[in-house]
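The shown structure was predicted, so the numbers you read here are calculated from the model rather than taken from an experiment. Below, chains carry the letters A, B, ... as their sequence lines are ordered, and counting in each starts from 1.
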Amino acid sequence: MKRTKQIPPQTLDKSTWLRWPLLAVFALTLAACGKEPAEPKLLAHTAHEVIVPLYAALDAEAVKQRELSQAFCQAGEPDQQKSLQQQLQTQWRATMSAWAGVQPIGFGPLEEGNLRWKLQFWPDRKDLTRKKVEALISSDDDLTAERVASASVSVQGLAALEYLLFDASGSALQRYQDVEPVSRRCLLLQAIAARVQQVTHRLLSEWSGDINQPSYADTFSQPGADNDRYPDNNASIAALLDTLVVGSEVVKRNKLGIPVGKDVGHAKPYRLEAWRSQHSLALMQASVVTLEQLYRGNGGYGLQNYLLEAAKVDAALLRDIDESFKAVNAQFMLIEGPLFTQLKQPEYHATLTELHRRLNVLQRNLNKLPDSLGIKLGFNSNDGD
Amino acid sequence: MQRRKFLQLAMAGGALSVLPLAGCGPKVSQPQPLLLSGSDNGDQHTLCGWQLGQGERFRLPVAQRVHAPLMRPGSNEAVFVARRPGTLIYVVDVQEGIIKQQLSAPSDRHFYGHAIFSSDGRWLYVPENAYAEQGRGKIGVYDATAGFQRVQEFDLDGIGPHQLALMPDGFTLAIALGGIQTHPEHSRDKLNLDRMQSALLYLDTRSGQVTARFKAPHQHLSLRHLDVAKDGTVMVGAQFQSSANPDESYTGPLVFIQRGKHGLQALQASEEAWQAQQYYIASVVMNSSGTLAISTSPRGGVVNLWQVAEARLLKQYRVKDVAGAGYLPAEGGFVVSNGLGQLFKVSDELQLLEHAAATRWDNHLLVNV
């Protein structure tokens, strides 16, 4: 059933409605037949053309990763095994980058199903990943996707796979070879890769929907009083703004600021995301690409269009946001990875600090959007009482 | 998933009958309960009375943001207490929908957003911050039969009394002592995280003495909200001060029960279920028989349904920005409210009841039946 289009509350004048009921009904009919309101267009485009494709890309990479991990574990010859491990490492980087692309999206089944930690246990300050992965391999448990699903989050997900594929000791080929009749390390690798893909498949199917369930994309893009997640347009737009504000903060602080530290002497390379694979810089960029797609609309009617044309937000703020995205991207071009080693190079510190400064400007500009739309991000969740 | 089931039902029904809007709700023979809550409309703080099935009964603009409402026994009067560092209590006639009286805190004191009446409705006990005395926690005693004159105070030998409740004996107060020192000149900054001492206190209102003190099970857990069942079981909800422990991620329990002389007993839930609550419980409410309870976690956007006797989690539902909670005795279920203006019924499933447009329901909800 199609819902009646919502009229923005500020256009409703109560006395007019009471005095001129027929006129009001007529006006409502006109409004419903008039040009498409901006909010549904923005929300539908964002959900279907930006977010769902990101989840589809993640699931496609996770499928390849699951298949390659099986091929690797079935390889007989050491040379073949070595070559397949390298391919699997490359595939892990692709999967992880696709994950970094959905990671900033702060609403949807990922949050509601509490699945974030199941795909990536991070930050991991005490290297629980190593301890728990090795403990599970040494145990007598069956190493299946189901066992992984019920295990500690530190052995699930992409960080545990990274340990098994990139750790100097944990990924050594002879450790995959020296157990008969079958390598438990390989069983676990396959089980985790299979579990990751179960989760990415679930996320994609919930976002895109199927015959049995309405899609989350529709839930998000069709707000209404009967919608148990998004009672009005502002609730959906707030979720989108929250993603931009929090997502940019996570990139700035967690992915860059904490590892870089205040000077080279205080750099913390082990706090980098994906330090074992030295893939940190690409992941930061992938998250910024998503933030920018959510803002610019990835070729369609995005938040930027909406803010300018429909919400009439101050054009100067939109120019500032536009420029701060460009400034961050320009600074990325000056950095050659891997951050894991660059963090400790004195000549690199200023470049990284400048990236941090530019991310901070971007974050602060995005943080002005909620106020400019009269939207509050969270109410009770910011209460503190 | 219940959400889908619900949406499917709603769509199949077509008429979306779950949404009786103000003035056009279904005719019911039994009057539906009146819900009381603070709410924000835009930047305006208000006191709101909302009748289920009927919609808004009153909405009164006020200067200070309130935290928790409560009814004065045997009357039509409700009081809404300003949250910290607020200094006002609003006395509302819920039939007339008017503010009858406004009380002010003594100088150098502010309220914490909670209060409780004696069972005869005469005495109002109000947690206060004596911030000029290093934040000592006090319970101010106000006489409702004498224009809410402040007649006495009890010293708690501790910091940050928050929610309190009257025990079934009729004279003991159960008080959640949050342990966190704040001062109005420092906004809402927490000044003593390194030495906070949160506890569940019992105070005898006849002597004004603290008769028992149960310490929080972790240095940085702040016990903040509670409810009492008819059998005297007390349920307490905590908030973990993660800013005091940036390098320690706490995934332990946040809800406890306390009975008799036994210490706090943690309710049982998986690490994941606790983690989903994001360190923070906003409300805890038990049903009238004390068999079931819910707790709300706005930061995690979850509602937990608890089986009290076995101290275990039955269900965890997702509700964004959820905080207010109450019990609907006629329905045998709970009701929760959120910052999006929604009201949900919580039982063995989650059901959207109503949506109040342009309304942010504030932290606590009271069901007046």
For [X], does the [atom1] atom sit with more than 12 other heavy atoms under 6.0 Å from it, leaving out its own atoms?
{"X": "A/D210", "atom1": "CG", "value": "yes"}
{"X": "B/H183", "atom1": "NE2", "value": "yes"}
{"X": "A/K132", "atom1": "NZ", "value": "no"}

Does any backbone or side-chain atom of [X] lie under 4.5 Å from a heavy atom of chain A? Answer side chain, backbone, both or neither.
{"X": "B/A282", "value": "neither"}
{"X": "B/Q275", "value": "side chain"}
{"X": "B/F344", "value": "side chain"}

Does the side chain of [X] reach to within under 4.5 Å of the side chain of [Y], using non-hydrogen atoms?
{"X": "A/D383", "Y": "B/D362", "result": "yes"}
{"X": "A/D385", "Y": "B/H364", "result": "no"}
{"X": "A/D228", "Y": "B/Q351", "result": "no"}
{"X": "B/R318", "Y": "A/N114", "result": "yes"}

Practice task
Identify the two heavy atoms, one from B/G339 and one from A/N380, that lie closest to each other, and give their separation to 0.1 Å.
Solution key: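 Scanning both residues completely, I find the closest heavy atoms to be N-ND2, 3.5 Å.
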Exercise for the section: Mind listing the closest non-hydrogen atom pair of A/F379 and B/R65 along with its distance? Expected result: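 In this case the closest contact between A/F379 and B/R65 is CZ-NH2, 3.5 Å.
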Handout entry: Spacing of OG belonging to A/S152 relative to CD belonging to B/E271, to within rounding of 0.5 Å
Key =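 Here the interatomic distance stands at 6.5 Å.
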Practice task
To the nearest 0.5 Å, tell me how far B/K320 NZ sits from A/Y230 OH.
Solution key: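 Here the rounded value is 6.0 Å.
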Practice task
Kindly write out the residues that satisfy side-chain contact (heavy atoms from CB on, under 4.5 Å) with B/Q241, not counting sequence neighbours, or none if the list is empty.
Solution key: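 Once residues adjacent in sequence are excluded, the partners of B/Q241 under the side-chain contact (heavy atoms from CB on, under 4.5 Å) criterion are B/I180, B/K190, B/L193, B/M196, B/H220, B/S222, B/R224, B/Q239, B/A244.
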Handout entry: Under 3.5 Å donor-acceptor, B/Y280 side chain and A/S381 backbone
Key =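 No, the answer is negative, given that no donor and acceptor are paired below the 3.5 Å cut-off.
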Handout entry: Greatest number of heavy atom pairs closer than 4.5 Å to chain A - which of B/V319, B/D40, B/N338
Key =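 Sorted descending by pairs with chain A, the first entry is B/D40.
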Exercise for the section: Dump the intermediate steps for side chain to side chain contact (heavy atoms under 4.5 Å, CB included) on B/L340 and A/R229, then the final yes or no. Expected result: CA-CA 9 Å; B/L340 304 179; A/R229 296 296 194 273; over 6 Å; no
Problem - Check ion pair A/K376-B/D321 (N to O, under 4.0 angstrom) - result: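 No salt bridge links A/K376 with B/D321.
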